[in-house]
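As the structure is a computational prediction, the values presented were derived from the model and not from experiment. Whatever order the structure lists them in is the order used to number ligands and atoms, beginning at 1.
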Amino acid sequence: MTADLPSTVHAESRDLVESVFQAVEGVAAAFPRARFLQRARERGNASELWQALVDAGLLAIGIPEERGGAGGGLTGNTAVMEALSRAGIPPLLYSLTSFSREAILKFGTEQQIQDHVLPTITGERKICFGVTEPEAGTNSFALRTIATPTPGGYRISGQKVFISGADEADHILLLARTAPPGERLSRTSGFGLFMVDLSLPGIHLNRLDIEWYAPENQFEVFFDEVEVPADALIGEDGMGFDYLLSSLNQERIVIAAWALGLGNYALEKAVSYAQVRAPFGTPIGANQAVQHPLALAKVEMEAARTMMYAGAAGYDSGTDAGHLANMAKLLGSRAALAAVEASIQTHGGSAFVYETDVITLWPMIRVLQIAPLNNESILNYISERMLGLPRS
Ligand SMILES: Cc1cc2nc3c(=O)[nH]c(=O)nc-3n(C[C@H](O)[C@H](O)[C@H](O)COP(=O)(O)OP(=O)(O)OC[C@H]3O[C@@H](n4cnc5c(N)ncnc54)[C@H](O)[C@@H]3O)c2cc1C
């Protein structure tokens with residue numbers, strides 16, 4: 001599998017991305033799409049996929065070399081997610097773990113990096129991510145989970161929902177209030193970001209029945225007076241929301257990679273099918289009505305991909321890359337959805353047969369329009385931050 005990169009990708013990143021794509025070939029051989037789908041159908045996990053990532057050294061990418069990783073920055077993370085997704089095996093836990101590590105690398109202590117980030121390289125630690133609550137989806141400011149200071153640390157009570165991989169992860173990166181709403185100095189203050197050991201007493205999981213094809217399950221996670229030590233807090237008390245915001249651009253780019261990889265997978269399947277399916281004697285791919293949606297999806301995905309790698313390079317060079325990250329997530333998720341739609345149309349009735357593995361792409365690509373952040377909120381960002389329109 002070659003990356004076939006846009007010419008705008010810097011020379012120094014090209015070798016990195018190509019080597020990631022080659023390494024992912026081995027991972028896909030060890031854990032192919034068929035097994036990914038089978039595990040998803042059984043509501044099981046993909047632990048061998050994670051082990052294959054460890055064995056290929058791919059979990060070390062994105063952690064700076066001077067801190068014990070393999071370097072590669074966000075460009076490396078993006079390439080890992082894109083290549084896995086192109087192979088039809090995108091691990092949701094990769095996006096969650098790489099994002100959570102970023103927050104700890106930026107704001108955690110050396111000890112927290114030793115304890116939580118480095119063990120992810122060997123697969124000893126998997127991290128899930130807890131922000132969403134039943135009454136606080138897009139509006140995270142409304143979250144109610146509270147961490148009350150105690151002599152030895154904090155006592156956490158509340159509930160999170162839609163927490164992916166909570167059964168596989170050993171820790172959750174949790175956003176909780178540390179000050180009641182009335183006592184906050186600003187909109188984002190009064191929150192803490194915590195690394196919480198999921199085996200602590202008082203934590204209960206309830207699996208949700210989510211209709212999509214991924215070998216990670218989603219859970220309601222209940223916290224009933226969970227005692228956590230003081231060193232569970234990442235950075236300063238009160239700054240959790242700001243930390244989260246400053247790590248979100250990393251997440252948007254990785255989500256774009258996930259969407260675009262899946263869109264490419266769908267497009268390739270459509271092109272192969274259009275070349276052989278011939279109900280009127282000639283392949284349906286000779287009809288422009290079949291070609292054009294596929295061609296349009298190709299162009300739009302390439303445009304989003306160029307923006308995605310430019311955003312990753314910008315982030316790696318020290319800018320926050322907010323504009324590019326938001327635009328890449330928006331364009332990438334939409335273009336990939338168009339590719340999946342075009343693939344369904346091209347496959348006709350066969351698209352709906354499970355074994356064809358086309359309709360199986362649709363729920364995931366549809367979720368990526370909504371989670372982790374809906375595209376309307378991205379348009380809100382672009383309206384306010386890029387166009388200067390009033391806050392809605
Ligand atoms: C499969 C899956 C996995 C997930 N994994 C995780 C996870 O691991 N951790 C975690 O914390 N969360 C996770 N989530 C939750 C996800 O982040 C939320 O679903 C998402 O943030 C949207 O919140 P909501 O569902 O409450 O939608 P709501 O906030 O209720 O919004 C509903 C709809 O209203 C519209 N809307 C909302 N706000 C605005 C606005 N300001 N402007 C314009 N339109 C708006 C959008 O169209 C949106 O889709 C997951 C969700 C799914 C489906």
| request: Could you list the atoms of ligand 1 found under 4.0 angstrom from a heavy atom of Gly137? | output: 23 (O), 24 (P), 26 (O), 29 (O)

| Which option, Glu216, Glu211, Glu376, owns the non-hydrogen atom nearest atom 44 (N) of ligand 1? | Glu376

| said: Just to be sure I'm reading this right: ignoring hydrogens, which of Leu173, Thr138, Leu379, Ile370 gets closest to atom 29 (O) of ligand 1? Compare them by their nearest heavy atoms. | reply: Thr138

| query | Between Glu42 and Gln38, do the side chains contain an N or O donor and an N or O acceptor separated by less than 3.5 Å? | reply | yes

| Given Leu331 and Glu300, is the side chain to side chain contact (heavy atoms under 4.5 Å, CB included) satisfied, shown in steps? | CA-CA 8 Å; Leu331 284 184; Glu300 290 177 348; over 6 Å; no

| For atom 4 (C) of ligand 1, which protein heavy atom lies nearest, and how many Å away is it? | Phe162 O, 3.3 Å

| task | Could you tell me the residue and atom name of the protein heavy atom closest to atom 33 (C) of ligand 1, and the distance to it rounded to 0.1 Å? | result | Asn374 ND2, 4.9 Å

| Salt-bridge criterion met for Arg125 and Asp115 (N-O under 4.0 Å) | no

| Any protein heavy atom lying closer than 4.0 Å to atom 1 (C) of ligand 1? | yes

| field | N or O pair under 3.5 Å between Ile210 and ligand 1 | value | no

| Test item: protein heavy atom less than 4.0 Å from atom 6 (C) of ligand 1 | yes

| request: Could you find the nearest protein heavy atom to atom 21 (O) of ligand 1 and give me its residue, atom name and distance? | output: Pro372 O, 3.3 Å

| task | Over all heavy atoms of both residues, which pair between Gln288 and Pro293 is shortest? Give the atoms and the distance, please. | result | O-CD, 4.3 Å

| query | Any idea which protein heavy atom is nearest atom 53 (C) of ligand 1, and the distance to it? | reply | Val367 CG1, 4.0 Å

| field | Option with minimal heavy-atom separation from atom 3 (C) of ligand 1, where the choices are Gly130, Cys128, Ser140, Ser164 | value | Ser164

| said: Does Arg41 qualify as a cation-pi partner of Tyr354, given the criterion of NZ or CZ under 6.0 Å from the six-membered ring centre and within 45 degrees of its axis? | reply: yes

| said: Testing the basics here: between Pro6 and Thr306, what is the closest heavy-atom pair and its distance to 0.1 Å? | reply: CB-OG1, 3.6 Å

| message | Can you tell me if Arg144 has over 12 outside heavy atoms packed within less than 6.0 Å of its CZ? | response | no

| remark: heavy-atom search around atom 9 (N) of ligand 1 in the protein gives Phe129 O, 2.8 Å

| note | For Val131, the atoms of ligand 1 under 4.0 Å from one of its heavy atoms are 11 (O)

| query | Can you tell me the protein heavy atom closest to atom 10 (C) of ligand 1 and the distance? | reply | Thr132 OG1, 3.3 Å

| query | Is Asn380 near ligand 1, meaning one of its heavy atoms is under 4.0 Å from it? | reply | yes

| request: State yes or no: are the ring centers of Phe162 and Phe219 separated by less than 6.0 Å? | output: no

| task | Answer yes or no: is there an ion pair linking Asp167 with Arg207, defined by an N-O contact shorter than 4.0 Å? | result | no

| Any side-chain donor-acceptor pair under 3.5 Å between Trp258 and Glu82? | no

